[in-house]
Participant: 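Below is a structure I'd like to ask you about.
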Amino acid sequence: MATNCKEYEFQRIEPHWQSFWEENKTFRAADGSPGPKYYVLDMFPYPSGAGLHIGHPEGYTATDIVARYRRAAGCRVLHPIGWDAFGLPAEQHAIKTGTPPAENTQKNIANFRRQIKALGFSYDWDREVDTTDPEYFRWTQWIFLQLFRRGLAYVDKRPVWWCPQLGAVLANEEVVDGRSEIGGHPVERRNLRQWVLRITAYADRLLADLKDVDWPDSTKRMQQAWIGRSEGAEVLFGLEAPGAGPLRIFTTRPDTLFGCTYMVLAPEHPLVAALTNPAQAAAVAAYQAQAAAKSDLERTDLAKDKSGVFTGSFAVNPVNGARVPIWVADYVLMGYGTGAIMAVPAHDERDFEFAKRYDLAIVPVIEPPEPGPALPYIGPGRMVNSGAYDGLEWAEGKRRITAELESRGVGKQAVNYKLRDWLFSRQRYWGEPIPIVWVDEADYRRAAALRPEDFPAQPVTFRQDGIDRYALPIPASALPLSLPQVASYIPSGDGESPLANATPWLEIWLNVSTGEAAPASGPRPSGPAWVRGRRETNTMPQWAGSCWYYLRFTDPRNPAALASEAALKAWGTPDLYVGGAEHAVLHLLYARFWHKVLFDLGAVPQAEPFPKLFHQGIILGEDGAKMSKTRGNVVNPDTIIASHGADTLRLYLMFLGPLEDMKPWNPRGIEGVHRFLQKIWRECIGPEGAVNAKVSEDAEESAALTKLLHETIRKVGADIEALRFNTAISQMMIFSNALQKEPRTRRQTLLAFLQLLAPFAPHVAEELWERLGGAAPVQAAPWPKFDPARIASSDKKLVFQVNGKHRGDQLVQAGLSQEQALAIAQSNPKVAPHLSGKTLRKVIYVPDKIINLVVN
RNA sequence: GCCCGGGUGGUGGAAUGGUAGACACUAGGGACUUAAAAUCCCUUGGCUGUAAGGCCGUGCGGGUUCGAGCCCCGCCCCGGGCACCA
């Protein structure tokens, strides 16, 4: 039942149809329903306390249009939504107020849900997921156990931001200008034990499989650059220091090996101490200390002037036996390659700068094809000063030198990646607990014997207080491992999360077979499987829950698996994934990594999670600046819904410009699309609230309107498929303008038009559809088809050009020959004057479109 | 510095190498109205002309082409990403 309001009362119409959809479960994605599947996914939001930002409904409207269009086109559509609800803001709120993060998170989710429902999106609410729900994160933890058992999770000491005053580890975004965001206290780098995921083991596949996905080029390129594969050689340089062994370096330019005039070690390189002469020891130690005090940012940012110090020792170049001095300098990073380089100042900008500063030798070994370029010369050329290799092209030189090194056992071809392993732990409360218990070696061995399939080939251990501790995985059957209630959300003070204070949860007797636990304060339960352990206090980063949520949507309540095989097969991966470009690297790379691990486990059938990706652009404030509270230029969707309605907001967001563009919000433009909806209302409904008197079953409509309707059907469909919503709306506006000028309209014409409008402005379309005699929901009616014969016309407008300049046009019969067209053009009164006294040299004729007369 | 993306009226934007400025906003004029709102009609890139029309015009400079907003070369500006990765 429609509302029967007389005027376009969106305040009544919108809630009415929202309840209708909810009550009828109009958008339920039934597993067995007919038609080809179509899975369209939004990047799910973090439910912040600030509520929905105008950028959210932009992307969500786009996917909603696609979802509604696909349903009408006969597809079985999966269009879900959920909440990425772990994260820092909730934790900070908890610290400030003392209320449990779960409580505040649920409040925020309720608000987000209300706002999203008010926009009329066609989500299947039965599939809503929440990453903080133990029934959800149980599977996040399960995936972690799979990574662990495959040797893809390990612990390592990693530098993190440490704030002594707060007694807390801070995230990058909590550190502003070297001080804590909260309180402005100084922060420092501190090495803490961290969980790390071995994403580098998948570097080659993450790179190679980019070719199989339909993503924006820029995003693919960003991932490529992030993975940063480079090919070269590892070379062993002999060392003069006794017992120091060879020095391993990585280079992409083995062809310049003869130009190596010094070596550089990163300050953290393990060989620095052994290679430092007593005379240089003080200087080197001072330099190391200085480098250690610098943050990553300082080391990269402030390193405009290269600095370094000589160790006093020498290495031996394997190709020519030359003695080369070994330096320590922080322009070489320990984290890349081997942490040591051969410096070729003649052909590397950084080495050149350093050599100039410290007056080191510069020997050119590549000759440019054309003389001229100054050193350092980075380009191609032939080898010189390179002994037997002189005269070779550099590419050939690379191959030959690498082969020589290999045959002599002093080097080999090598590939390096910029990609680093993924720091996966956070010293926080509000995240998924890592399902690991630390035990001693003997207990570990016993447990590993009981459940060998759950354990990695190499135990994960770390040494603390002189004792080796072993990482014991909780049995998957004991998941979820929930967060304990804690008295305070303030970090432990010594670098651990607040979980370190939850003693009964933390210090336990663990049954290694079942995963059952009892507080260690109590007696050891009887039975051989009980061991003494301490739980891992780190939690997972916010990325974890979003790495696999698209899989859970296919089977969100499954208690026995992350999703059933049947559901994964039926719905597959998203056919369209829409979200901000700010996730171009991290989220999308992490999710691809997890997906590939799951693929290798046989848990998912595809190698890539997101075959088609699209980024919506950012909506800027009215002032053209990024929307922010401090600028006061934030637009709240609630305000617009109250003043103009959700349909208007949706339409306007799509009309603003191309979806992918960054575009400023202009409050005045809203009136335009609102007027458009009102115009359509008036075309359908008369002033008394009945169907407009000009509408009838068999009205005589102009042929032009019929043609325009078919053109509109074609364009709206094509534009939706190409995600060009702004031009689809323009076309509908053109149609409504024409409709208005018709004295009589056919009911069927209006109904077809309302079907086109429905994905964009579903509430008003649903209302008018039913008032004109359609049966709700609109999407149940098959999407209108256009008739190409109706679009083709026998008259074409032929454009006349003289020397490429537009000189007029004329309606002509379609399919004219060039001779006929030429005769018409020559006799056209607007064209003729431009031909008089000139000679016709050439005619370019595009039938039914344009004829260009070239004269002189 | 390197890698991308983009510069079109007063504004947001439209345009498979084929009429630049669709659609909308703003502004101005008119109709309806006692009046206003709403609605409808007209004008709205610049210069020039009584008019018909003409000339110019898609950041700047070149080029390819019968024809360039679109392709190529060289610049300028704006936005994004990366940044000592050997």
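Residue numbers begin at 1 in each chain, while the letters A, B, ... track the order of the sequences. Atom set for the values below is all heavy atoms of this structure, side chains included, hydrogens, waters and symmetry mates excluded.
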Participant: What contact category does A/Ile844 fall into here, base, sugar-phosphate, or nothing, at under 4.0 angstrom with non-hydrogen atoms?
Facilitator: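 A/Ile844: base contact, heavy atoms under 4.0 Å.
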Participant: Cation over ring, A/Arg592 on A/Trp215, under 6.0 Å and within 45°?
Facilitator: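 Yes, a cation-pi geometry.
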Participant: Among B/rU19, B/rC66, B/rA24, find the nucleotide with the atom closest to the side chain of A/Asn852.
Facilitator: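 It is B/rC66.
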Participant: Could you tell me whether the side chain of A/Leu798 reaches within less than 4.5 Å of the side chain of A/Ile824, counting heavy atoms only?
Facilitator: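 Contact flag for A/Ile824/A/Leu798 side chains = no.
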Participant: Mind calculating the distance between CG (A/Asp661) and C1' (B/rC78) to the nearest angstrom?
Facilitator: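 One finds 14 Å between C1' of B/rC78 and CG of A/Asp661, rounded.
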Participant: Using atom C1' in both nucleotides, what's the gap between B/rC25 and B/rC76 to the nearest angstrom?
Facilitator: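 About 31 Å, rounded to a whole number of Å.
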Participant: Assess whether one donor atom and one acceptor atom, taken from the side chain of A/Gln801 and the base of B/rG18, lie less than 3.5 Å apart.
Facilitator: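 Such a pair is found, so the answer is yes.
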Participant: Check each of A/Tyr262, A/Tyr331, A/Phe250 against A/Ile341 using the side-chain contact (heavy atoms from CB on, under 4.5 Å) test, and report the only one that passes.
Facilitator: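 Only one of A/Tyr262, A/Tyr331, A/Phe250 forms a side-chain contact (heavy atoms from CB on, under 4.5 Å) with A/Ile341, namely A/Tyr331.
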Participant: Nearest to the side chain of A/Ile734, which nucleotide is it out of B/rC23, B/rG81, B/rA20?
Facilitator: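 Nearest to the side chain of A/Ile734 among the choices is B/rC23.
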Participant: The criterion is side-chain hydrogen bond (donor to acceptor under 3.5 Å, both in side chains); which residues satisfy it with A/Thr712, sequence neighbours excluded?
Facilitator: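 Once residues adjacent in sequence are excluded, the partners of A/Thr712 under the side-chain hydrogen bond (donor to acceptor under 3.5 Å, both in side chains) criterion are A/Gln731.
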Participant: Using the ring of each side chain (for Trp, its six-membered ring), is A/Phe676 parallel, tilted or perpendicular to A/Phe753, with breaks at 30° and 60°?
Facilitator: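 Perpendicular: the ring planes of A/Phe676 and A/Phe753 meet at over 60°.
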Participant: Could you tell me how far B/rC3 sits from B/rC75 if I compare only their P atoms? Round to whole Å.
Facilitator: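 These two P atoms come out 12 Å apart once rounded.
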Participant: What is the distance, rounded to the nearest whole Å, between atom CG of A/Leu739 and atom P of B/rC23?
Facilitator: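 It is 16 Å, rounded to the nearest whole Å.
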Participant: Check the interface with nucleotides 47-54 of chain B: list each N/O to N/O pair with the protein under 3.5 Å, or write none.
Facilitator:
unit_1	atom_1	unit_2	atom_2	d
B/rG53	OP1	A/Lys830	NZ	3.4

Participant: Give me the distance, rounded to whole Å, that separates B/rA38 from B/rC23 when you measure between the C1' atoms they each carry.
Facilitator: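 Per the computed distance, 22 Å lies between those C1' atoms.
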Participant: Quick one about A/Asn852 and A/Lys842 (side-chain donor to acceptor, distance below 3.5 Å, no hydrogens or angles considered), yes or no?
Facilitator: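 On atom types as modelled, these side chains do not qualify, holding no pair under 3.5 Å.
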Participant: Could I get a table of every N or O pair under 3.5 Å where one atom is in the protein and the other is in nucleotides 4-7 of chain B?
Facilitator:
unit_1	atom_1	unit_2	atom_2	d
B/rC4	O3'	A/Arg221	NH2	3.4

Participant: Ignoring hydrogens and angles, state whether a donor on the side chain of A/Ser230 or A/Asn416 is under 3.5 Å from an acceptor on the partner side chain.
Facilitator: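 A/Ser230 vs A/Asn416: no donor-acceptor pair found between side chains.
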Participant: With heavy-atom distances below 4.5 Å as the criterion, would you say the side chains of A/Gln224 and A/Leu207 are in contact?
Facilitator: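 SC-SC contact between A/Gln224 and A/Leu207 confirmed.
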Participant: Should we count CD of A/Gln813 as having more than 12 external heavy atoms under 6.0 Å?
Facilitator: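 Incorrect, the count does not exceed 12.
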Participant: Answer with base, sugar-phosphate or nothing: what part of the nucleic acid does A/Phe655 contact at a heavy-atom distance below 4.0 Å?
Facilitator: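 Contact class for A/Phe655: base.
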Participant: Check the interface with nucleotides 37-39 of chain B: list each N/O to N/O pair with the protein under 3.5 Å, or write none.
Facilitator:
unit_1	atom_1	unit_2	atom_2	d
B/rU39	O3'	A/Arg682	NH2	3.3

Participant: Should we say atom CZ of A/Arg724 is surrounded by more than 12 heavy atoms from elsewhere, each under 6.0 Å from it?
Facilitator: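 Enclosed: over 12 neighbouring heavy atoms sit under 6.0 Å from CZ of A/Arg724.
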Participant: Run the salt-bridge test on A/Lys398 and A/Glu231 with the 4.0 Å N-O cut-off and return the result as yes or no.
Facilitator: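 So A/Lys398 does not pair with A/Glu231 through a salt bridge.
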Participant: Look at the side chain of A/Lys849 against the base of B/rU19 and say whether a donor-acceptor pair falls under 3.5 Å; ignore hydrogens and angles.
Facilitator: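 No, no donor-acceptor pair under 3.5 Å.
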Participant: Heavy-atom count around A/Gln413 CD within 6.0 Å, excluding the residue itself: above 12?
Facilitator: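 Count not over threshold, so no.
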Participant: Above 12 or not: heavy atoms from other molecules or residues under 6.0 Å from CD of A/Glu671?
Facilitator: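 Yes, because the 6.0 Å sphere around CD of A/Glu671 holds more than 12 heavy atoms from other groups.
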Participant: How far, in whole Å, is B/rG9 from B/rG69 if one measures between their P atoms?
Facilitator: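 Nearest-Å result for B/rG69 against B/rG9 at atom P: 14 Å.
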Participant: How far, in whole Å, is B/rG13 from B/rA22 if one measures between their P atoms?
Facilitator: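 Taking atom P in both B/rA22 and B/rG13, they lie 15 Å apart.
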Participant: Does OP1 or OP2 of B/rG13 have a side-chain N or O of A/Asn666 closer than 4.0 Å?
Facilitator: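 Checking A/Asn666 against B/rG13: no side-chain N or O falls below 4.0 Å of OP1 or OP2.
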Participant: To the side chain of A/Thr251, which of B/rA86, B/rU26, B/rG81 is closest?
Facilitator: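 Output: B/rA86.
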Participant: Students often get this wrong, so: under 4.0 angstrom with heavy atoms, is A/Lys741 touching a base, only sugar-phosphate, or nothing?
Facilitator: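 The residue A/Lys741 makes sugar-phosphate contact but no base contact.
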Participant: Within this structure, what is the CZ-to-P distance between A/Phe725 and B/rA14, rounded to whole angstrom?
Facilitator: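 Distance check: A/Phe725 CZ to B/rA14 P gives 14 Å.
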Participant: Which listed nucleotide (B/rA86, B/rC23, B/rC66) is nearest to the side chain of A/Ile341?
Facilitator: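 Comparing B/rA86, B/rC23, B/rC66 against the side chain of A/Ile341, the answer is B/rA86.
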Participant: For the P atoms, the ones on B/rA68 and on B/rG62, what distance do you get once it is rounded to whole angstrom?
Facilitator: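 My reading of the P atoms in B/rA68 and B/rG62 gives 14 Å.
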Participant: Among B/rU26, B/rU19, B/rC66, find the nucleotide with the atom closest to the side chain of A/Lys842.
Facilitator: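 Looking only at heavy atoms from C-beta outward on A/Lys842, the closest nucleotide is B/rC66.
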Participant: Pairs counted as Watson-Crick or G-U wobble with both distances under 3.5 Å: what dot-bracket string results for RNA chain B, using | for bases tied to another strand?
Facilitator: (((((((..(((.....[....))).(((((.......))))).((((....))))..(((((..]....))))))))))))....
Participant: Report which part of the nucleic acid A/Val854 touches: base, sugar-phosphate, or nothing (heavy-atom distance under 4.0 Å, all strands).
Facilitator: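 If one applies the 4.0 Å heavy-atom cut-off, A/Val854 turns out to touch the sugar-phosphate alone, with no base involved.
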Participant: Holding to side-chain hydrogen bond (donor to acceptor under 3.5 Å, both in side chains), I want the full list of residues that pass it with A/Ser628, two or more places apart in sequence or in another chain.
Facilitator: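 Listed in chain order: A/Thr630.
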Participant: In terms of the nearest nucleotide of RNA chain B, which residue is placed more toward the 5' end: A/Lys418 or A/Ile729?
Facilitator: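 Its nucleotide being nearer the 5' end, the pick is A/Ile729.
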Participant: Under 4.0 Å between any heavy atoms, over every strand shown, what does A/Asp351 touch: base, sugar-phosphate, or nothing? Just pick one.
Facilitator: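 A/Asp351: no heavy atom of the nucleic acid under 4.0 Å.
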Participant: Hey, is the main chain of A/Pro759 close enough, under 3.5 Å, to the side chain of A/Arg650 for a donor-acceptor pair?
Facilitator: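 Indeed, once roles are kept as given, a pair shorter than 3.5 Å links the two residues.
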Participant: For A/Gln820, look at atom CD and say whether over 12 heavy atoms of other residues, nucleotides or ligands are found less than 6.0 Å away.
Facilitator: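 Yes.
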Participant: Is the shortest side-chain N/O distance from A/Ser230 to OP1 or OP2 of B/rA86 below 4.0 Å?
Facilitator: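 A/Ser230 to B/rA86 OP1/OP2: side-chain N or O found under 4.0 Å.
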Participant: A/Val846 has a side chain; which of B/rU19, B/rG12, B/rG18 sits nearest to it?
Facilitator: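 That would be B/rG18.
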Participant: Please report, rounded to the nearest Å, how far the P atom of B/rC78 is from the NZ atom of A/Lys626.
Facilitator: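 In whole Å, B/rC78 P and A/Lys626 NZ are 18 Å from each other.
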Participant: Hey, is NZ on A/Lys830 packed in by over 12 heavy atoms from elsewhere, all under 6.0 Å?
Facilitator: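 Open: at most 12 neighbouring heavy atoms sit under 6.0 Å from NZ of A/Lys830.
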Participant: Looking at A/Lys805, I'd like to know whether one of its side-chain N or O atoms comes within less than 4.0 Å of OP1 or OP2 on B/rC56.
Facilitator: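 For B/rC56, OP1 or OP2 has a side-chain N or O of A/Lys805 closer than 4.0 Å.
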Participant: Starting at the 5' end of RNA chain B, which residue's closest nucleotide do you reach first, A/Asn803 or A/Asn726?
Facilitator: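 Its nearest nucleotide being more 5', the pick is A/Asn726.
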Participant: Which value, in whole Å, describes the distance between the C1' atoms of nucleotides B/rC73 and B/rG1?
Facilitator: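 Going atom to atom, C1' in each nucleotide, I get 23 Å.
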Participant: Is B/rG5 syn or anti, taking syn as a glycosidic angle within 90° of 0?
Facilitator: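 Nucleotide B/rG5 adopts anti.
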